[in-house]
2 protein chains.
Amino acid sequence: MKDLLQALRAHGIQPTAQRLAVARFVLEATAHPTADEVWEKVRARNPTLSRATVYNTLNLFVEKGLLCTQALREGALVFDPCVRRHHHFIDEKTGAIHDVPWEAVKVTGEKLLRGYEVTEYQVVMTGRKRKS
Amino acid sequence: MKDLLQALRAHGIQPTAQRLAVARFVLEATAHPTADEVWEKVRARNPTLSRATVYNTLNLFVEKGLLCTQALREGALVFDPCVRRHHHFIDEKTGAIHDVPWEAVKVTGEKLLRGYEVTEYQVVMTGRKRKS
DNA sequence: GTTCGTGCAAACGGTTTGCAACAAT
DNA sequence: ATTGTTGCAAACCGTTTGCACGAAC
């Protein structure tokens, strides 16, 4: 819990009860939730939390560099803790989004694209989850 | 124009004036337009065309395999002709989306991901367009 | 008492849907 | 006459915004 406080302060975010609740959920989230999913989940413990506050808070976190948004789902943004670079795998059955470690996949050739100066990239994969 | 007719028929789509107009624009589009952009552009020549028809038509095209949707833009789907596989480059200044030839970038390692069976993938790059 | 965050409700933009008019077979 | 397509408007969903209340310095 203390680390959450420090994380917010380190990013210049004034901590409030609502922001801590959102941060606690979203920074540990591995599920790439949408804003509404964050609201649903966090509201379970903080019933007075309003949707607007969740949206405001998430946008604030993005602005302050605590979260990144990803356009990986059709129709809604998903939020991802800004940790080390990684790729994404999308289960075509369930739509669930999984992180893929950066070293698991190698991309070559992006440096010498004619006409483009690539500063960021990621591989977006889709397929089925294996039983194992 | 004849090829458009055949393309629609080949995909089991009954051709109508509206569908041909949409197809003509979107199949040649290199700009990855959103549905509303398609509407705006096609309406210039077909002023009676309704937004609903554009949405219905685009969804029909996707259903029938003539178009693919890509979640590359925040807040709106973009449509892409289903041609050969390719990657995407997004200009971080303008948001413009460009196709990157499949052979220009190589991805390795996606076959042996533990737990995932990858059936599709693409590299999504962002950066600046070079002057050249 | 000023500043900032919250909550509500209304507004907004992209998309879908219900329905009545219509065209084609 | 049946089937399928169109156009309009209303509904819908995810998100933003305006504003009044309330908490904190």
Side-chain angles (χ1 to χ4, degrees), chain A residues 4-5 8-9 11-26 31-64 66-80 95 97, chain B residues 4-5 8-9 11-23 26 31-64 66-80 95 97:
Chain A
L4 277 184
L5 250 173
L8 293 198
R9 291 222 175 89
H11 285 83
I13 301 167
Q14 184 158 336
T16 68
Q18 289 88 335
R19 289 175 179 171
L20 282 168
V22 170
R24 188 173 57 164
F25 175 71
V26 86
H32 304 78
T34 66
D36 256 46
E37 286 165 1
V38 174
W39 182 51
E40 254 181 66
K41 291 289 168 49
V42 180
R43 195 173 38 146
R45 310 183 131 263
N46 293 47
T48 80
L49 183 68
S50 80
R51 212 189 313 237
T53 297
V54 171
Y55 277 92
N56 289 338
T57 300
L58 291 173
N59 286 340
L60 178 69
F61 285 3
V62 170
E63 216 173 275
K64 298 295 192 179
L66 207 61
L67 287 181
C68 295
T69 56
Q70 301 266 356
L72 291 171
R73 222 129 114 182
E74 305 196 346
L77 277 186
V78 305
F79 293 86
D80 209 9
I97 301 170
Chain B
L4 276 183
L5 250 173
L8 294 198
R9 291 224 176 88
H11 285 82
I13 301 168
Q14 184 160 335
T16 69
Q18 290 88 336
R19 288 173 181 174
L20 282 167
V22 170
V26 84
H32 303 78
T34 65
D36 256 46
E37 286 163 2
V38 173
W39 182 53
E40 255 182 64
K41 292 288 168 49
V42 180
R43 195 174 38 145
R45 311 181 130 264
N46 292 49
T48 79
L49 183 68
S50 80
R51 212 189 312 238
T53 297
V54 171
Y55 277 91
N56 289 337
T57 299
L58 290 172
N59 286 339
L60 178 69
F61 285 3
V62 170
E63 216 172 276
K64 299 296 191 178
L66 207 61
L67 288 180
C68 296
T69 56
Q70 300 267 356
L72 291 172
R73 223 129 113 182
E74 305 197 345
L77 276 186
V78 304
F79 294 86
D80 210 9
I97 300 170

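Computed from a predicted structure; not experimentally measured. Here is the naming used below: chain letters follow the sequence lines, and residue numbers restart at 1 for every chain.
- Rounded to whole Å, the distance from CD on A:Glu37 to P on D:dC13 is 15 Å.
- Each of A:Gln18 and B:Ala35 was assigned the nucleotide of DNA chain C with the nearest heavy atom; the assignment lying further toward the 5' end belongs to A:Gln18.
- A salt bridge links A:Glu37 with A:Arg73: the distance from a Lys NZ or Arg NE/NH1/NH2 to an Asp or Glu carboxylate oxygen falls below 4.0 Å.
- When only modelled atom types and interatomic distance are considered, B:Glu74 and A:Thr69 share a side-chain donor-acceptor pair under 3.5 Å.
- Distance, B:Phe79 CZ to C:dT15 P: 7 Å, rounded to whole Å.
- Between the P atom of D:dT15 and the CG atom of A:Leu60 lies a distance of 17 Å, rounded to the nearest Å.
- Only one option out of B:Val54, B:Thr57, B:Leu58 pairs with B:Val26 in a side chain to side chain contact (heavy atoms under 4.5 Å, CB included); it is B:Leu58.
- An OP1 or OP2 oxygen of D:dT6 is reached within less than 4.0 angstrom by a side-chain nitrogen or oxygen of B:Thr16.
- Within the nucleic acid shown, A:Thr34 has no heavy atom closer than 4.0 Å to any nucleic acid atom.
- The separation between B:Leu58 atom CG and D:dT6 atom C1' is 15 Å, rounded to whole Å.
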Within the 4.0 Å limit for protein heavy atoms, which parts of nucleotides 16-25 of chain D are touched? Write it as a string from 5' to 3', B for base, S for sugar-phosphate only, - for none. BB--------
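- Look at B:Thr53 and you won't find any side-chain N or O under 4.0 angstrom from OP1 or OP2 of D:dT6.
- A:Glu74 places its CD atom 17 Å from the P atom of D:dC13, with the value rounded to the nearest Å.
- Taking only side-chain nitrogens and oxygens, B:Arg19 comes nearer than 4.0 Å to OP1 or OP2 of D:dT6.
- One interatomic measurement links the two molecules: CG of B:Leu77 to P of D:dC13, which rounds to 17 Å at whole-angstrom precision.
- A donor-acceptor pair under 3.5 Å is absent between the side-chain atoms of B:Trp39 and the main chain of B:Thr34, judged by distance alone.
- Across the protein-nucleic acid pair, B:Ile13 atom CD1 and D:dG4 atom C1' stand 14 Å apart, rounded to whole Å.
- Checking side-chain atoms of B:Arg43 against main-chain N and O of B:Ser50 turns up no donor-acceptor pair under 3.5 Å.
- Within the 3.5 Å criterion, the main-chain N or O of A:Ile97 finds a donor-acceptor partner in the side chain of A:His32.
- Under the 3.5 Å distance criterion, the side-chain polar atoms of A:Arg19 are matched with a main-chain donor or acceptor of A:Gln14.
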